[in-house]
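Computed from a predicted model, the values in this text were never measured in an experiment. In this chain, residues are counted from 1 in sequence order.
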Amino acid sequence: MTLPEVQNAISEKKICVLIPTYNNEKTLKRVIDGVLEYTGSIIVVNDGSTDSTPEILSQYPQITVISLPENKGKGNGLKIGFRKAKELGYHYAITIDSDGQHYPDDIPVFTEALLQEKEDVLLIGNRNMSQDGIPKKSSFGNRFSNFWFWFETGIKLEDTQSGYRLYPLLRIPKKYFTPKFEFEIEIIVRTAWRHVPVKNVPVKVLYDPAERVSHFRPFKDFTRISILNTILVTITLLYIIPRNFVNNFKKKSFKRFLKEDVLESDGSNRTKAFSIALGVFIGLSPFWGFHTLLVISLSVLFKLNKVLAFIASNVSLPPFIPFVIAASLFLGAPFVHSDSNILSSELNFELIKNNLLQYVIGSAILATSMSALCGIATFLFLNKLNPENN
């Protein structure tokens, strides 16, 4: 795209550039000047800087400046910037860091990618993390973040930590849990949960130790990120996956749902059979309250079919619980001496409490045997339907 085409697209799509900054006096002017070559629609959030940032910003009366009295974190600055951008009528915001690692001449990359999309999208700059000069801790942190983003959303990206992004302002959440660095993880996960596509676009990156000022605190911020991911994973397992499963079922006929979301989902017949076997094993195991968490986690770990495993784990739904308890106690009886007559007793959790070892042994036998039986039966059935998918 030519420069006039980029400028017209930025105006037509109502795009602004948002620059959060904190004590980046060495690079701030260069970043602003670079962005001004493409657009004057700039919002700078001065997050309590104590250097010469206010003097630098005073040289640009044509841009919008928000000055915060004290430093509250990048996430807080971005949230304030997003609110201001929406107040000014913008529909999209390109965020660029003020530490000089991002090149303003990559703005056309985001603009052109947006024009090619038929719906709102969140774009993240994909940096070359293998190039010379990239700190190893940054490369590791990015791979770590990529894995958890995939776990929480099902979307595979090569870079989830780049701050060079294009946000669809009308589709991002309004409230968040976090105010600091981890905000940039939370917003892309929760936006993806709203069924907004999240994609990478290629961008350049510059790491100059002489100029770049990093405010990342390894221990504190990594701890905060880990806590956030724990919360997001829990929400994913207990709400997002079941919600998506139910929504897909409602949108389609049972036959179509079975065909598209179950039988023709990713994986060979063997993988699907193992997925069913895992779900049955977890569902019949004595891990009450943790079945969904375990089955989804293990499915991801062993790269199995999460939908099939989740369906199979519901073998222990409330209507079937009495039969599961009775079968477990019956199978465990030969291995434990007990004075109580299980067959004549009322089936309840008090009975399990009084015969816990018998129940645990029996449930292990039941889970293992039924898991193997269902897995083999599933494999034979699928192999008959589609023998080539092995």
Side-chain angles (χ1 to χ4, degrees), residues 15-36 39-88 90 92-104 107 124-125 138 141 145 161-167 169 172-188 190 205-209 211-225 227-228:
I15 302 172
C16 70
V17 177
L18 173 59
I19 309 174
T21 187
Y22 174 60
N23 288 349
N24 285 126
E25 60 183 3
K26 293 182 180 180
T27 53
L28 179 59
K29 179 175 174 57
R30 187 176 78 221
V31 172
I32 295 176
D33 289 342
V35 174
L36 282 172
T39 179
S41 300
I42 301 174
I43 300 173
V44 176
V45 179
N46 176 16
D47 191 18
S49 296
T50 56
D51 58 5
S52 62
T53 293
E55 289 74 20
I56 294 172
L57 294 176
S58 66
Q59 303 173 24
Y60 299 93
Q62 71 272 41
I63 68 176
T64 301
V65 176
I66 302 172
S67 296
L68 306 181
E70 59 181 304
N71 179 254
K72 291 288 185 69
K74 185 179 183 182
N76 182 67
L78 288 172
K79 285 187 280 188
I80 291 173
F82 290 151
R83 285 200 295 268
K84 185 64 175 180
K86 286 194 283 188
E87 288 175 8
L88 295 175
Y90 295 110
Y92 299 91
I94 295 176
T95 59
I96 182 171
D97 291 346
S98 62
D99 60 4
Q101 70 164 298
H102 302 149
Y103 289 81
I107 288 176
I124 302 176
S138 296
S145 177
Q161 288 196 319
S162 171
Y164 208 173
R165 304 176 176 185
L166 181 144
Y167 290 96
L169 295 174
I172 59 176
K174 295 181 179 179
K175 296 182 179 180
Y176 303 88
F177 303 130
T178 55
K180 297 185 181 295
F181 273 102
E182 67 274 18
F183 169 83
E184 290 185 292
I185 297 173
E186 179 185 358
I187 190 172
I188 61 173
R190 295 182 60 190
V205 64
L206 171 66
Y207 276 84
D208 187 348
E211 289 189 335
R212 187 169 182 264
V213 178
S214 175
H215 304 292
F216 184 79
R217 302 161 299 176
F219 179 76
K220 286 187 177 180
D221 289 320
F222 186 78
T223 300
R224 294 175 69 94
I225 290 171
I227 293 173
L228 172 65

Q: Run the salt-bridge test on K74 and D97 with the 4.0 Å N-O cut-off and return the result as yes or no.
A: yes
**Q.** Side chain to side chain, L18 and Y167, heavy atoms closer than 4.5 Å
**A.** no
(Q) Do D51 and Y22 have side chains that approach each other closer than 4.5 Å (heavy atoms only, starting at C-beta)? (A) no
Q. About how many Å separate CG of N71 and CG of N46, when rounded to the nearest 0.5 Å?
A. 9.5 Å
Q) Rounded to the nearest 0.5 Å, how far apart are CG of L57 and CD1 of I63? A) 6.0 Å
Q: List the atom of R165, the atom of I188, and the distance in Å for their closest heavy-atom pair.
A: NH1-CG2, 3.2 Å
Q: Locate the shortest heavy-atom distance separating T50 from N23; write the atom from each residue and the value.
A: N-OD1, 2.7 Å
Q) If you measure from NZ on K29 to CD on E55, what distance do you get to the nearest 0.5 Å? A) 13.0 Å
Q) Would you say the side chain of L36 lies within less than 4.5 Å of the side chain of Q62, judging by non-hydrogen atoms? A) yes
Q: First locate atom OG of S98, then atom CZ of R30, and finally report the distance between them rounded to the nearest 0.5 Å.
A: 10.5 Å
(Q) Taking atom NZ as the centre, does K72 end up with more than 12 heavy-atom neighbours from other residues, nucleotides or ligands that are less than 6.0 angstrom away? (A) no
Q | Heavy-atom side-chain proximity of I15 to T39 below 4.5 angstrom | A | no
Q: Sort and list the pairs that fulfil ring pair (Phe, Tyr, Trp, His ring centres under 6.0 Å) and have at least one residue in residues 43-66, not counting sequence neighbours.
A: none
Q: Check I56 against E25 and note the closest heavy-atom contact, atom names and distance.
A: CD1-O, 3.6 Å
Q) Under a 4.5 Å cut-off applied to non-hydrogen side-chain atoms, are I80 and K84 in contact? A) no
Q: Just say parallel, tilted or perpendicular for the rings of F183 and F82, cut-offs at 30° and 60°.
A: tilted
(Q) Measuring from atom CD1 of I185 to atom CD of Q161, what distance do you get when rounded to the nearest 0.5 angstrom? (A) 6.0 Å
Q: Indicate the atoms forming the closest heavy-atom contact of H102 with S162, along with that distance.
A: NE2-OG, 4.1 Å
Q. Is any side-chain heavy atom of N24 closer than 4.5 Å to a side-chain heavy atom of V31?
A. no
**Q.** Check: L78 and V45 side chains under 4.5 Å, non-hydrogen atoms
**A.** no
(Q) If I compare all heavy atoms of G34 with all of P104, which pair ends up nearest, and what's the gap? (A) C-CB, 3.4 Å
(Q) In the structure I gave you, are the side-chain heavy atoms of I94 and Y164 within less than 4.5 Å of one another anywhere? (A) yes
Q. In this structure, which one of E182, E184, E186 forms a salt bridge (charged side-chain N to carboxylate O under 4.0 Å, His left out) with R224?
A. E182
Q | Spacing of CG belonging to L166 relative to CD1 belonging to I107, to within rounding of 0.5 Å | A | 10.5 Å
Q: Of all the heavy-atom pairs spanning I96 and P20, show the shortest one and how long it is.
A: O-CD, 3.7 Å
Q. Ring pair (Phe, Tyr, Trp, His ring centres under 6.0 Å) with Y92: which residues, sequence neighbours excluded?
A. none
